[in-house]
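First the structure, in the form of structure tokens, and then the observations on it.
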2 protein chains.
Amino acid sequence: MAEPTSETYRIYATLPAQIAVRIGQAIVDGEFAPGEKLREVDLASRFGVSRASVREALRSVEREGLVTILPQRGAQVTALSAPEVQDVFDIRASLMGLVCHRFTTSATPQMRQQLDRLLKELRAARDDGEAYSRASLAISEFCVRNVGSRRLADLVLSFARQTARYNRLSFASAERRRQSLANWRGLVAAVTGGDAPEAERLARQLVLDTRDTALKMLADEKG
Amino acid sequence: MAEPTSETYRIYATLPAQIAVRIGQAIVDGEFAPGEKLREVDLASRFGVSRASVREALRSVEREGLVTILPQRGAQVTALSAPEVQDVFDIRASLMGLVCHRFTTSATPQMRQQLDRLLKELRAARDDGEAYSRASLAISEFCVRNVGSRRLADLVLSFARQTARYNRLSFASAERRRQSLANWRGLVAAVTGGDAPEAERLARQLVLDTRDTALKMLADEKG
DNA sequence: GTTTGACAAAATGTCGACATTTTATATGCT
DNA sequence: AGCATATAAAATGTCGACATTTTGTCAAAC
């Protein structure tokens with residue numbers, strides 16, 4: 001049963017779209033391990049839909065980079081190598097720079113106020129890795145979703161989701177949280193002060209610091 | 001009949017993948033006009049495959065941003081509004097900056113040599129809009145494909161393809177071609193000199209100049 | 001014991017059909 | 001004439017079935 005919305009046209013989520021969201025969330029939440037094979041039949045029975053719908057959903061999740069599909073060999077949860085993790089963070093850093101540059105020049109007073117609130121919440125969460133990770137995502141997402149580009153927002157959030165586990169890993173370190181918080185303080189100050197280039201620089205730095213910590217922890221894990 | 005390749009695993013293009021390429025190329029080439037509806041049945045009979053394959057192909061082309069699909073309302077060639085064109089160029093500029101930064105720090109002597117050759121070809125094409133447009137794409141693509149990131153390459157080229165018609169429009173202006181050529185000379189010099197930040201800055205500028213020219217011409221067209 | 005090959009099982013690729021929604025057409029009323 | 005409604009046509013959404021390819025198993029050969 002389709003629900004009318006406030007949009008000009010009635011939009012209802014198609015079945016494959018719903019399944020895609022659920023699969024994507026399961027991956028981000030770690031329910032499916034990296035490299036794990038996702039068989040169409042299994043998912044179809046799990047979600048109670050036909051294979052065709054699952055198939056289309058998987059292509060959708062592939063677009064987000066969360067699964068990798070090989071012809072005749074099916075889908076598996078994307079397992080990033082160390083260079084690939086670096087790559088994803090790199091691109092994300094560049095895009096996040098663009099986001100914060102734009103946000104600085106276009107934010108309304110209400111938005112700046114909200115940004116301050118989110119910074120306070122980030123500070124409040126500085127002693128808990130999981131909470132800090134969530135608060136960090138919240139403040140990032142706020143900026144991302146308020147620069148007036150759905151395209152850019154989807155892109156940045158997609159890259160963020162691809163490295164969700166590495167964010168959590170990085171923020172498990174108390175020292176890293178202190179560094180991140182200091183960085184965010186500077187970023188908010190730059191935004192408030194209207195210094196777009198500085199905001200861009202700091203936004204990049206923020207993501208790259210997360211990257212470096214995560215990669216170092218990953219290397220230690222193996223070594 | 002599947003052809004073996006030099007890859008570890010045999011890769012053969014699945015049917016929807018082939019159709020997706022053909023549809024995408026047709027859009028970039030202007031065979032389908034912006035806003036034109038693409039009906040699954042029509043495409044299926046045109047390419048001699050089933051609707052299911054066309055359907056999957058369309059989702060693939062949607063990922064590239066070339067078509068827009070609305071639930072229950074089908075696919076149509078993406079028609080960008082002026083702000084959206086600006087948006088796409090903006091994101092592309094940022095990513096192209098990253099590409100050229102990376103290229104500067106990682107290019108081999110052979111690559112720099114090839115870059116010089118492509119710059120010469122660009123210069124040779126400066127009196128012909130269409131030829132210049134092609135040469136410009138060629139030199140861009142060369143950088144993009146040689147920074148060691150398939151992810152980044154696909155992303156940048158996708159954004160470039162979305163604005164293909166505006167590139168051509170922009171390079172129809174002789175003055176614009178002179179400006180572009182000067183910019184490319186500076187960029188190649190920065191790459192050769194190993195000045196990555198300057199290469200990044202110029203790469204961005206290059207894309208943004210194309211954007212501004214295209215938008216101005218678009219505005220004049222209407223006014 | 002390892003490897004090769006054939007065979008069986010399972011997974012993906014592709015298709016055609018039916019269900020539901022949207023869009024176009026025609027009919028009737030003010 | 002113009003608009004609202006009902007009906008018909010067309011397009012997309014979803015499904016199950018069959019074809020092809022990959023994967024797993026087991027026996028025979030070296």
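From a predicted model like this one, the values you see are computed outputs, not experimental measurements. Naming: A, B, ... by sequence-line order, numbering from 1 per chain. No hydrogens, no waters, no symmetry mates; every other heavy atom, side chains included, goes into these values.
The distance between atom CD of A:Gln76 and atom P of C:dT12, rounded to the nearest whole Å, is 11 Å. As rounded to whole Å, 6 Å separates atom P of C:dA11 from atom CG of A:Asp42. Counting to the nearest Å, the P atom of C:dT22 and the CD atom of B:Glu40 are 15 Å from each other. To the nearest angstrom, C1' of C:dT22 lies 12 Å from CG of B:Leu70. Summarising the geometry, the separation between CD on B:Glu56 and P on C:dC15 is reported as 11 Å, rounded to the nearest angstrom. Note: CD1 (A:Ile69) to P (D:dT22) measures 16 Å, nearest angstrom. Between the CZ atom of A:Arg51 and the P atom of D:dC18 there is a distance of 14 Å, given to the nearest Å. Here D:dT12 presents its C1' atom at 14 Å from CG of A:Leu15, a figure rounded to the nearest Å.
We find that A:Arg150 and A:Asp154 are joined by a salt bridge, their nearest charged nitrogen and carboxylate oxygen being less than 4.0 Å apart.
The shortest distance between the side-chain N/O atoms of A:Thr14 and the OP1/OP2 oxygens of D:dT12 is not below 4.0 Å. The shortest distance between the side-chain N/O atoms of A:Arg55 and the OP1/OP2 oxygens of C:dG13 is below 4.0 Å. The phosphate of D:dT23 (OP1 or OP2) has no side-chain N or O of A:Arg39 nearer than 4.0 angstrom. Checking the phosphate oxygens (OP1, OP2) of D:dG13, no side-chain nitrogen or oxygen of A:Ser53 falls inside 4.0 Å.
Side-chain polar atoms of A:Arg176 and A:Thr210 form a donor-acceptor pair below 3.5 angstrom. No side-chain N or O of B:Ser180 forms a donor-acceptor pair with one of B:Arg177 less than 3.5 Å apart.
Nucleic acid contact for A:Leu58: none, since no nucleic acid atom lies under 4.0 Å from a heavy atom of the residue.
We find the OG-NE2 distance between A:Ser106 and A:His101 to be 10.0 Å, quoted to the nearest 0.5 Å.
At distances below 3.5 Å, not a single donor-acceptor pair connects side-chain atoms of B:Glu200 with backbone N or O atoms of B:Cys100.
With hydrogens and angles ignored, no donor-acceptor pair closer than 3.5 Å exists between the side chain of B:Arg73 and the base of D:dG13.
Remark on DNA chain C: of its neighbouring residues B:Ala52 and A:Leu38, the 5'-side contact belongs to A:Leu38, judged by nearest-heavy-atom nucleotide. Taking for each of A:Gly48 and B:Gly74 the nucleotide of DNA chain D with the nearest heavy atom, the 5'-most of the two is the partner of B:Gly74.
Proximity note for A:Pro16 (side chain, C-beta onward) versus C:dT14, D:dC15, D:dT14: the nearest is D:dT14.
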